[in-house]
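To start, the structure under review is shown below, and the notes come after it.
From a predicted model like this one, the values you see are computed outputs, not experimental measurements.
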Amino acid sequence: MAEFKTDIEIARAAKKKPIKEIGDRLGIPYEHLLPYGHDKAKISADYIKSVQGNTNGKLILVTAINPTPAGEGKTTTTVGLGDGLNRIGKKAVVCIREASLGPNFGMKGGAAGGGMAQIVPMEDMNLHFTGDFHAITTAHNLLSALIDNHIYWGNELGIDQRRVVWRRVMDMNDRALRQITCSLGGVTNGFPREAGFDITVASEVMAILCLATDLKDLEKRLGDIIVAYRRDKSPIYARDLKADGAMAVLLKDAMQPNLVQTLENNPAFVHGGPFANIAHGCNSVVATTTALKLGDYVVTEAGFGADLGAEKFFDIKCRKAGLKPAAAVIVATVRAMKMNGGVKKDDLGAENVDAVKKGCANLGRHIENVRQFGVPAIVAINHFHSDTDAEIQALKDYVASMGEEAVLCKHWAQGSAGIEELAHKVVALAESGASQFAPLYPDEMPLFDKMNTIVKRIYRGSGAIADKSVRDQLHQWEQAGYGNLPVCMAKTQYSFSTDPNLRGAPTDHAVPVREVRLSAGAGFVVAICGEIMTMPGLPRVPSSEKIVLNSEGQIEGLF
């Protein structure tokens, strides 16, 4: 078997161009690039404002089947398709999310693509990058500090310490911090209370940064954050603590999209990074809308499977930003089909056509779901060297039986040359004008009914279930004027159900909503379903154990 280079070895050998040349490709004057070294830069707010009159390009969403440990390669396909579109003469821009340190050192690894379809500098993008996540973490925790400080100095606003809903955050998986007691140690340290940490990518500040249109909108949304309630259950906002101005100052640079490049020197915007299982899973609105003003095609991704990432992309991001996707690509692999068909990870190398056929039900569900939003879709088969012709044909035949087309893509090994066919077909699909995009539910639908709609139509469950306390909370928010907000389902990414081990295409399962959180600044209600955690833990053998500096001072072990 041929020896394959690791992702980081490929990235290290990349022939990167100076970031000025990448900006030139998009017509961005150098004075409007704010360089972070030679190979990455932020784009100035003034320039973004200046291109708002440009005509929009076409927006292509890349989504996927439910993820498996076998790997689907959604980001790899997003990057590959961007390169492929440029290869066939289209002016295309890739838009993806930034990587969180938590999964980098945990189980998932990096988020820059893979093989010959990567965004570089890969190491920087996966480790600190331009500091956006640190700014978000700091702004979030400034608000946390101001809450406890206000209580310490007399609590003029009448905060009920039992009803502080603003948790702290950090960009790391650390289960020990999920529930904590703070302010211990006597009078000088304040009033003890229960608290907890979420991971930064679940922060409402992250969601706000990714949905805000400019600095003014950012500051307004930050002020709208509900941090606590009084004893009479009336809300206390971040602006009541005079926190919004300082938070906006901390986020001023983080609001500007980051420009980098693919291995083939095509432009890529990498900005924002909410998780798709516990947050809304899309890169920033400002990055996507700016890219649409600069390119003929914008290829963006939504996290995890279409049941989470695509649903939230359509129902939250597109609804709020007025975006109209022209086409969608659903990424699938033969290996993942076999896992959904019951094959264990260790046995994936052996041909098993029957397992492929059995596992295709999961893909079929995602195809149907994307159709529900009126967006035409095509399936990208992300090729692995162990795939056999018979397995690939079985997958293609299944997709054809669904009335769609599946295209074999070899971008991981061949770069843009391996995905040309998909690029041509995506252009034809986008140019056909077939997209009749519409969100799944109307704004005016009651909040619990929105959750029920997603459970029944997207997850194919029997319905959402919730305790009276949860339903009462939703009703109170509706009475307070928040009933028109979309909902963000925080649920396991591994299954249509809340059981991560239930693969395939289960039906008639109940989806328990155990907690709801109002993100008034971001503009959605989070429904926490099943056992999902907003602060992940590390696995028994975390990826960090293999990440080291070699004798030449280079990073090893990132993937």
Side-chain angles (χ1 to χ4, degrees), residues 26 54-65 72-97 113 117 119 257 262 264 266-271 276 281-285 287-306 309-314 317-318 321-332 366-367 369-371 373-382 404-407 409 411 416 418-438:
L26 295 174
N54 292 8
T55 305
N56 278 341
K58 294 193 181 298
L59 181 60
I60 311 299
L61 172 70
V62 177
T63 183
I65 59 171
E72 283 58 66
K74 179 164 44 60
T75 305
T76 306
T77 305
T78 302
V79 177
L81 179 57
D83 282 338
L85 287 166
N86 279 294
R87 183 184 182 89
I88 65 170
K90 304 299 180 183
K91 187 178 180 183
V93 185
V94 171
C95 278
I96 67 168
R97 294 170 294 167
I119 288 176
T262 69
E264 299 189 12
N266 292 312
F269 287 9
V270 180
H271 195 218
C282 310
N283 75 308
S284 76
V285 164
T288 303
T289 53
T290 302
L292 284 167
K293 299 297 183 185
L294 301 177
D296 301 325
Y297 286 86
V298 173
V299 185
T300 192
E301 67 172 3
F304 295 129
E311 185 273 317
K312 294 172 185 180
F313 176 83
F314 293 141
K317 181 175 177 176
C318 291
L323 298 171
K324 296 192 184 310
V329 175
I330 303 171
V331 181
H366 290 295
I367 292 170
N369 283 347
V370 172
R371 278 181 188 156
F373 293 95
V375 178
I378 189 167
V379 173
I381 304 174
N382 183 22
E404 304 295 350
E405 186 174 7
V407 179
C409 302
H411 48 287
S416 63
I419 200 169
E420 267 195 73
E421 184 184 357
L422 182 71
H424 282 294
K425 289 184 183 297
V426 164
V427 168
L429 204 59
E431 297 290 345
S432 71
S435 181
Q436 301 291 323
F437 169 70

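- When side chains are defined from C-beta on, Asn382 does not count as touching Cys409, because their heavy atoms never get closer than 4.5 Å.
- Nearest heavy-atom pair, Gly73 versus Val331, reported as atom, atom and distance to 0.1 Å: O-CG1, 4.1 Å.
- For the side-chain hydrogen bond (donor to acceptor under 3.5 Å, both in side chains) test, residues two or more places apart in sequence or in another chain that qualify with Thr77 are His411.
- Judged by distance alone, with hydrogens and angles left aside, the side-chain atoms of Thr76 form no donor-acceptor pair with the main-chain N or O of Ala117 at under 3.5 Å.
- Note that the OG1 atom of Thr300 and the CG atom of Leu81 stand 11.5 Å from one another [nearest 0.5 Å].
- Annotation: salt bridge (Lys or Arg N to Asp or Glu O under 4.0 Å) contacts involving residues 421-437, sequence neighbours excluded, comprise Glu405-Lys425.
- For the residue pair Val375 and Pro325, the shortest heavy atom distance occurs at CG2-CG, 4.1 Å.
- Heavy atoms only, all atoms of each residue included: His366 and Ile330 are closest at O-CD1, 3.9 Å.
- Every residue two or more places apart in sequence or in another chain was checked for a side-chain contact (heavy atoms from CB on, under 4.5 Å) with Ala438, and none qualifies.
- For residues 83-92, the salt bridge (Lys or Arg N to Asp or Glu O under 4.0 Å) pairs, not counting sequence neighbours, are Arg87-Glu420.
- Checked against side-chain hydrogen bond (donor to acceptor under 3.5 Å, both in side chains), Asn54 has no partners two or more places apart in sequence or in another chain.
- Residues that satisfy the side-chain contact (heavy atoms from CB on, under 4.5 Å) test with Ala310, not counting sequence neighbours, are Leu61, Thr63, Ala306, Phe314.
- Listed by chain and residue number, Pro257, Phe269, His271, Asn283, Ser284 satisfy the side-chain contact (heavy atoms from CB on, under 4.5 Å) test with Ala287 (two or more places apart in sequence, or in another chain).
- Side-chain contact check for Leu59 versus Phe313: some heavy-atom pair is nearer than 4.5 Å.
- For the pair Val62 and Val299, the minimum side-chain heavy-atom distance is below 4.5 Å.
- Ile60 approaches Ala430 most closely through the heavy-atom pair CD1-CB, 4.0 Å.
- Interatomic distance, Ile367 CD1 to Ile378 CD1, rounded to the nearest 0.5 Å: 10.5 Å.
- Residues forming a side-chain hydrogen bond (donor to acceptor under 3.5 Å, both in side chains) with Lys58 (at least two apart in sequence, or on another chain): none.
- Take Ala406 and apply the side-chain contact (heavy atoms from CB on, under 4.5 Å) test, not counting sequence neighbours, and it matches Val379, Ile381, Lys396, Val399.
- With sequence neighbours excluded, the residues that form a salt bridge (Lys or Arg N to Asp or Glu O under 4.0 Å) with Lys74 are Glu301.
- Contact record, Ala92 with Asn86: O-ND2, 3.1 Å, taken as the closest heavy-atom pair.
- Considering all non-hydrogen atoms of both residues, Gly80 and Ile419 come closest at O-CG2, 3.2 Å.
- Rounded to the nearest 0.5 angstrom, Glu311 CD and Asn369 CG are separated by 9.5 Å.
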